[in-house]
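Everything below concerns the one structure shown next.
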Amino acid sequence: MYTAPPDRYATLPYRRTGRSGLKLPALSLGLWHNFGPDRPVETQRAILRRAFDLGVTHFDLANNYGPPPGAAESALGEALTADFAPYRDELVISTKAGYLMWPGPYGEWGSRKYLLSSLDQSLKRMGLEYVDIFYSHRPDPDTPLEETMGALHSAVQQGKALYVGVSNYSAEQTREAARILADLGTPLLIHQPRYSMLDRRPESEGLLDALDELNVGSIAYSPLEQGLLTGRYLNGIPEDSRAASDSPFLNSDAVTEDLVGKLRELDALATSRGQSLAQMALAWVLRGGRVTSALVGASSPEQLADSVAAVGNLDFDADELARIDELVKA
C-alpha cells in the first residue's frame with residue numbers, strides 16, 4: 001500500500017487561483033498522453049505516486065484523454081482506488097468536456113445534454129462522486145453560451161463539481177462566460193489556455209489581461225510546446241519523437257533549421273541559469289505570478305521530478321527576458 005511522505009508539501013509553491021480560496025501547485029500533472037492501455041500500468045501508477053510525493057496535488061484530465069478516449073480517466077480511477085483513497089481530500093482532480101466522445105449530434109461541443117452526460121460518464125470512470133474542477137473544453141459556435149455556462153452551473157448545483165472553468169476560449173468569450181456565471185452565482189474559477197515561450201497568443205490576444213481584470217486563475221497547457229522545448233530537438237528530429245510520427249499536434253515540417261538554431265540558443269541560456277531547456281521554459285510560463293499553474297506531462301517518474309525542479313529558479317532578469325524575446329520573435 002502506498003504511503004505518501006510527510007514532507008510532500010515542502011517542494012512546490014502553491015498559488016491562489018484568482019479570487020477563490022483554492023490554491024494549485026505551481027506545476028500540475030496532465031494525463032493527456034501516457035495514461036492508457038498502451039502504457040504499463042505500473043509506470044502510470046509510479047508517475048502519479050511520484051507526483052504526489054513532490055506535492056503535485058492537481059491531476060488534470062478530459063473525457064477524451066487516452067488513447068482511446070476515456071482511458072486516462074479509467075487509469076486514474078484505478079490508481080485512486082489502489083493508492084490514493086486516503087488522500088482524496090488532498091487532491092484536486094479536474095476534467096473537461098467539449099471534444100468528440102461518441103457518435104451522433106450529442107457527443108461533442110457544448111450543449112447541456114452533452115456536458116452533463118459526459119460528466120456523469122467521467123465520474124463513473126474515475127469512481128468519484130465529484131470532480132474539483134469541471135471545464136467546458138472549447139466554445140461551441142452553435143450553442144448559446146448561456147446554455148453551456150448553465151450546464152457548468154448545474155454541475156456545481158448537483159454536487160458533481162466544486163468549481164468550473166473554460167479552456168480555449170478567447171478573451172471576449174471568457175469575459176462573457178464570467179458574466180453569465182456570476183449572474184448564476186457560480187464564479188468562473190480558471191481558464192486553461194495553450195501558452196509557452198513559442199506560443200504567446202494569451203499575451204498578444206489579450207487573454208491574460210482579461211483574466212487579470214476578472215480575477216480568474218489560469219493554468220497553461222503545452223508549456224513545453226509539444227516537446228519542442230524539452231531539448232529533444234536540439235540536433236534535429238529524433239526517430240522516436242512526436243514530430244517524426246507526424247502527429248496532428250506536431251509534425252516534422254514545424255522543426256525547421258531556423259527553429260533548431262533558436263532552440264540551441266535558448267538551451268545555452270538555460271544552461272547559464274543552471275537549468276535544462278525544459279525547466280527554463282516552465283519557469284518562463286510561471287514568471288511573475290500571472291499564471292497560476294503550468295501543466296506538465298510525464299512518461300516516467302524521473303521526467304516528472306526533472307520538471308518539478310524548475311521551481312528552483314522562477315526569476316528572470318531583464319536581459320534574460322529580452323534575449324528570449326529576441327530569439328523567439330525573430
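- Without hydrogens or angle criteria, S218 side chain to R290 main chain gives a donor-acceptor distance under 3.5 Å.
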(request) Evaluate the side chain to side chain contact (heavy atoms under 4.5 Å, CB included) criterion for residues R201 and L207: first the C-alpha distance (whole Å), next the side-chain angles of each, then the deciding distance (0.1 Å), finally the verdict. (result) CA-CA 8 Å; R201 285 174 295 176; L207 178 62; over 6 Å; no
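- For the 3.5 Å distance criterion, the side chains of S122 and E73 qualify, holding a donor opposite an acceptor.
- Judged purely by atom type and a 3.5 angstrom limit, R273 uses its side chain to pair as donor or acceptor with the backbone of N313.
- A perpendicular orientation is assigned to the rings of Y9 and F52, their planes being inclined by more than 60° (bins at 30° and 60°).
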(message) Working note: R323 + D319, criterion salt bridge (charged side-chain N to carboxylate O under 4.0 Å, His left out); need CA distance, chi angles, decisive distance, verdict.
(response) CA-CA 6 Å; R323 181 58 177 153; D319 289 341; over 6 Å; no
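- Connection of L314 to I324 is established within a shared hydrophobic cluster, with ILVMFWY side chains joined at heavy-atom distances below 4.5 Å, either directly or through further cluster members.
- Residue L198 is grouped with residue V260 when hydrophobic side chains (ILVMFWY) are merged at heavy-atom distances under 4.5 angstrom, including chains of intermediate members.
- When atom types are taken as modelled, the side chain of S20 and the backbone of T17 share a donor-acceptor pair closer than 3.5 angstrom.
- Taking the six-membered ring for Trp, F35 and Y65 have ring centres at least 6.0 Å apart.
- Proximity of a side-chain donor or acceptor of E320 to a complementary backbone N or O of D317 within less than 3.5 Å is detected.
- Between the side chain of S117 and the backbone N or O of Y114 there is no donor-acceptor pair closer than 3.5 Å.
- Taking D142 as the reference, D140 meet the side chain to side chain contact (heavy atoms under 4.5 Å, CB included) condition, with sequence neighbours excluded.
- Both tests pass for R88 against the ring of Y130: distance under 6.0 Å to the centre and angle within 45° of the axis.
- Between L116 and D120, every side-chain heavy-atom pair lies at or beyond the 4.5 Å cut-off.
- For D258 and K262, the salt-bridge test passes: some basic side-chain N is under 4.0 Å from an acidic carboxylate O.
- Side chain of E147 to backbone of P144: no donor-acceptor contact under 3.5 angstrom is found.
- No donor-acceptor distance shorter than 3.5 angstrom exists from the side chain of D209 to the backbone of L211, with no hydrogens or angles considered.
- Transitive grouping of hydrophobic side chains (ILVMFWY, heavy atoms separated by less than 4.5 Å) keeps V92 and M126 in distinct clusters.
- Electrostatic pairing of E225 and R194 counts as a salt bridge here, judged by a charged N lying under 4.0 Å from a carboxylate O.
- S170 and Q173 are linked by a side-chain donor-acceptor pair at a separation below 3.5 angstrom, with hydrogens and angles left out of the test.
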(request) Please lay out, stage by stage, how L259 and L263 fare under the test side chain to side chain contact (heavy atoms under 4.5 Å, CB included). (result) CA-CA 6 Å; L259 176 61; L263 294 176; 4.1 Å; yes
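- Applying side chain to side chain contact (heavy atoms under 4.5 Å, CB included) to L22 and the options I133, L162, D132, I190 leaves one that passes, I133.
- Residues D60 and S94 bring a donor and an acceptor atom of their side chains to less than 3.5 Å of each other.
- A donor-acceptor pair under 3.5 Å is absent between the side-chain atoms of R50 and the main chain of D53, judged by distance alone.
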(request) Report the C-alpha separation of H58 and I219 in whole Å, then their side-chain angles, then the decisive distance to 0.1 Å, and conclude whether the side chain to side chain contact (heavy atoms under 4.5 Å, CB included) test is met. (result) CA-CA 11 Å; H58 178 207; I219 179 166; 3.5 Å; yes
Which donor-acceptor pairs under 3.5 Å do side chains of residues 102-110 form with protein atoms, sequence neighbours excluded?
from: W102; atom 1: NE1; to: Y106; atom 2: O; distance (Å): 3.3
from: E108; atom 1: OE1; to: R138; atom 2: NH2; distance (Å): 2.8

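- Between L24 and R16, the closest side-chain pair of non-hydrogen atoms is not below 4.5 Å.
- Legend: residues meeting salt bridge (charged side-chain N to carboxylate O under 4.0 Å, His left out) with R112, ordered by chain and number and at least two apart, are absent.
- Side-chain atoms of S307 and Q303 form no donor-acceptor pair, as typed in the model, at a separation below 3.5 Å.
- Each ring-ring contact (aromatic ring centres under 6.0 Å, His included) pair with one or both residues in residues 148-177, not counting sequence neighbours, would appear here, but there are none.
- I93 is listed as a side-chain neighbour of L80, based on a closest heavy-atom distance under 4.5 Å.
- Side-chain atoms of K160 never come within 3.5 Å of backbone atoms of L119 as a donor-acceptor pair (strictly under, hydrogens ignored).
- One hydrophobic cluster, built from ILVMFWY side chains closer than 4.5 Å, holds both L31 and F134.
- No donor-acceptor contact under 3.5 angstrom links the side chains of T143 and T148, judged on distance only.
- Under the ring pair (Phe, Tyr, Trp, His ring centres under 6.0 Å) criterion, H137 pairs with Y99, not counting sequence neighbours.
- The cluster map of Ile, Leu, Val, Met, Phe, Trp and Tyr, joined by side-chain heavy atoms under 4.5 Å apart, puts M197 and L295 in different clusters.
- Side chain of R287 to main chain of L321: no donor-acceptor pair is present (N/O by atom type, distance under 3.5 Å, no hydrogens or angles).
- Between the side chains of D306 and Q279, at least one donor N or O sits under 3.5 Å from an acceptor N or O.
- Counting only residues at least two apart or in different chains, ring-ring contact (aromatic ring centres under 6.0 Å, His included) contacts with residues 179-226 comprise Y195-W284.
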